[in-house]
Amino acid sequence: MTTRLLAPVLFALSLSACSLSMPAGTGGSTSGGSETLRLAQATSETGDNETAARLFEKVLVTDPNSVPALLGAGNSYAGMGQNRRAEAVLLRAHDLAPNNAEVLTTLGRVYLAQHQSEKAVEIYDKALRIDRRNVSALTGKGVALDTLSRHKQAQGVYEDGLTYYPTNFILRSNYALSLAISGDILRGTAILQELVKDPAAAPYVRGNLALVYGLDGRDNDARATLAHDMTPQEVEENIRTYQALRRMNREGKPIGSLVFV
């Protein structure tokens, strides 16, 4: 995840990165094996969303019912911040392939990006009815519930996910952050302190730990943690944000939508 002011959580959804391939039995067209589609999918994997979108669009000119191309275009539009375009093509893909969980989880991410968390929860529930172990849907639903400050429900989702994926960094990190902002700072801190010991720990894990320290009033510990990944100016910006969140939390104001961004 990439962020400056708050510990990032949402891009946890990229853990189950779309292959943009068509799962068996979900419908779609024979153009799924076309050279242009394969090139578009390969381009998307490199992160070049603009070029990938143009290639997916080229496929859709000749085959407007290609679910893989609609899914790929939606993913690319979302990557460029064109969420309304993404929503439109993903809804079309869902109409054509209602049992395609990857289409649903990608649409869920788009709704989260548009701050439509209630819609996101509905979409992730659909995906989980298709595949109850879908890690993108489990993570996404947890995040959506946390943005709504429905933390106990979110924690239940993370716990379900951890029964399937007990070592999953994203689920554990989000679970810990959810615990902390709902008042269980000790347990949330303990989980994150353990996670950051892993050499593979990504900056978002350290960011979540810093945020929990900030919520607990441990600004110096937060500074030391943030210093691994940020400039001094960015560190102080985050500290001021943590202080504001701490005040809101003390006043009983919901902060889920400000933390899980």
Side-chain angles (χ1 to χ4, degrees), residues 1-23 28 31-61 63 66-94 100-116 120 123-124 127 134-140 143-144 165 168-171 173-174 198-208 228-231 234 260-261:
M1 301 199 179
T2 56
T3 188
R4 291 294 176 87
L5 295 181
L6 291 176
V9 182
L10 183 54
F11 287 114
L13 307 184
S14 67
L15 175 70
S16 55
C18 298
S19 63
L20 303 182
S21 59
M22 188 67 186
S31 71
S34 73
E35 288 298 321
T36 304
L37 179 59
R38 285 197 291 269
L39 177 59
Q41 291 168 339
T43 303
S44 178
E45 292 292 333
T46 70
D48 185 353
N49 291 308
E50 184 174 349
T51 302
R54 301 292 85 78
L55 290 167
F56 286 122
E57 288 165 359
K58 185 176 180 181
V59 175
L60 291 168
V61 168
D63 188 355
S66 170
V67 174
L70 289 165
L71 171 59
N75 192 62
S76 295
Y77 292 150
M80 293 188 288
Q82 298 179 13
N83 291 306
R84 291 184 180 178
R85 293 181 80 190
E87 180 184 359
V89 294
L90 290 167
L91 287 173
R92 174 60 178 160
H94 179 53
N100 187 321
E102 190 174 0
V103 169
L104 288 167
T105 56
T106 306
L107 182 58
R109 279 197 292 118
V110 169
Y111 284 138
L112 277 174
Q114 296 181 92
H115 307 291
Q116 298 183 55
I123 291 296
Y124 287 125
N134 187 296
V135 69
S136 289
L138 289 163
T139 310
V143 169
Y165 310 105
N168 187 288
F169 252 63
I170 302 297
L171 287 169
S173 180
N174 287 7
D198 192 306
Y204 78 85
V205 180
R206 290 189 290 273
N208 284 353
H228 290 280
D229 306 296
M230 296 183 177
T231 66
E234 291 168 345
F260 285 79
V261 294

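Bear in mind the structure is a predicted one, so any value in this text is a computation, not a measurement. Basis for what follows: all heavy atoms, side chains included, without hydrogens, waters or symmetry-related copies.
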A.B. asks: Which atoms form the tightest heavy-atom contact between L112 and G140, and what is the distance?
C.D. replies: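 Distance-wise, the nearest heavy atoms are CD1-O, 4.0 Å.
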
A.B. asks: What do the steps show when you test Y77 against E87 for side chain to side chain donor-acceptor pair (under 3.5 Å), and what is the final call?
C.D. replies: CA-CA 9 Å; Y77 292 150; E87 180 184 359; over 6 Å; no

A.B. asks: Taking all heavy atoms of A73 and all of V89, pick out the closest pair and write down the distance.
C.D. replies: C-CG2, 4.2 Å

A.B. asks: What is the distance from atom CD of E102 to atom OG1 of T106, rounded to the nearest 0.5 Å?
C.D. replies: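 It is 5.5 Å, given to the nearest 0.5 Å.
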
A.B. asks: Give me the atom names and distance for the closest heavy-atom approach of S66 to L60.
C.D. replies: O-CD2, 3.9 Å

A.B. asks: According to side-chain contact (heavy atoms from CB on, under 4.5 Å), who are the partners of T51, at least two apart in sequence or on a separate chain?
C.D. replies: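 Testing T51 for side-chain contact (heavy atoms from CB on, under 4.5 Å), a comparison that skips the adjacent residues, returns T43, D48, L55.
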
A.B. asks: Look only at the side chain of Y124 and the backbone of L104, and say whether a donor-acceptor pair between them is shorter than 3.5 Å.
C.D. replies: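 Checking the backbone N and O of L104 against the side chain of Y124, no donor-acceptor pair under 3.5 Å is found.
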
A.B. asks: Mind listing the closest non-hydrogen atom pair of L138 and Y165 along with its distance?
C.D. replies: CD1-CE1, 4.2 Å

A.B. asks: Rounded to the nearest 0.5 Å, what's the gap from CZ on R109 to CD1 on I123? Could you check?
C.D. replies: 13.5 Å

A.B. asks: If you take all heavy atoms of V110 and A86, which pair is closest and at what distance?
C.D. replies: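 Taking every non-hydrogen atom into account, CG2-CB, 3.9 Å.
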
A.B. asks: Work out which heavy atom in V59 is nearest to a heavy atom in A69; give both atom names and the distance.
C.D. replies: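 For V59 versus A69, the nearest heavy atoms are CG1-CB, 3.8 Å.
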
A.B. asks: Among all residues two or more places apart in sequence or in another chain, which pass the salt bridge (charged side-chain N to carboxylate O under 4.0 Å, His left out) test with E57?
C.D. replies: R54, R85

A.B. asks: Once salt bridge (charged side-chain N to carboxylate O under 4.0 Å, His left out) is applied, do any residues pair with D229, and if so which ones, sequence neighbours excluded?
C.D. replies: R206

A.B. asks: So do the side chains of L71 and L90 get within less than 4.5 Å of each other, counting heavy atoms only?
C.D. replies: yes

A.B. asks: Rounded at 0.5 Å granularity, tell me how far CG in N75 sits from CG in L107.
C.D. replies: 12.0 Å

A.B. asks: Suppose we screen for salt bridge (charged side-chain N to carboxylate O under 4.0 Å, His left out). Which residues come up paired with R92, at least two apart in sequence or across chains?
C.D. replies: none

A.B. asks: Report the residues that fulfil side-chain contact (heavy atoms from CB on, under 4.5 Å) with N49, sequence neighbours left out, ordered by chain and then residue number.
C.D. replies: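 Expected list: S76, M80.
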
A.B. asks: Are side-chain heavy atoms of F56 and L37 found at a separation under 4.5 Å?
C.D. replies: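 With C-beta onward as the side chain, the pair touches.
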
A.B. asks: Has S173 got a side-chain atom pairing as donor or acceptor with I170's backbone, closer than 3.5 angstrom?
C.D. replies: no

A.B. asks: According to side-chain contact (heavy atoms from CB on, under 4.5 Å), who are the partners of A202, at least two apart in sequence or on a separate chain?
C.D. replies: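 Once residues adjacent in sequence are excluded, the partners of A202 under the side-chain contact (heavy atoms from CB on, under 4.5 Å) criterion are Y204.
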
A.B. asks: Within the distance-only criterion (no hydrogens, no angle test), does the side chain of S44 pair as donor or acceptor with the backbone N or O of A40 below 3.5 angstrom?
C.D. replies: no

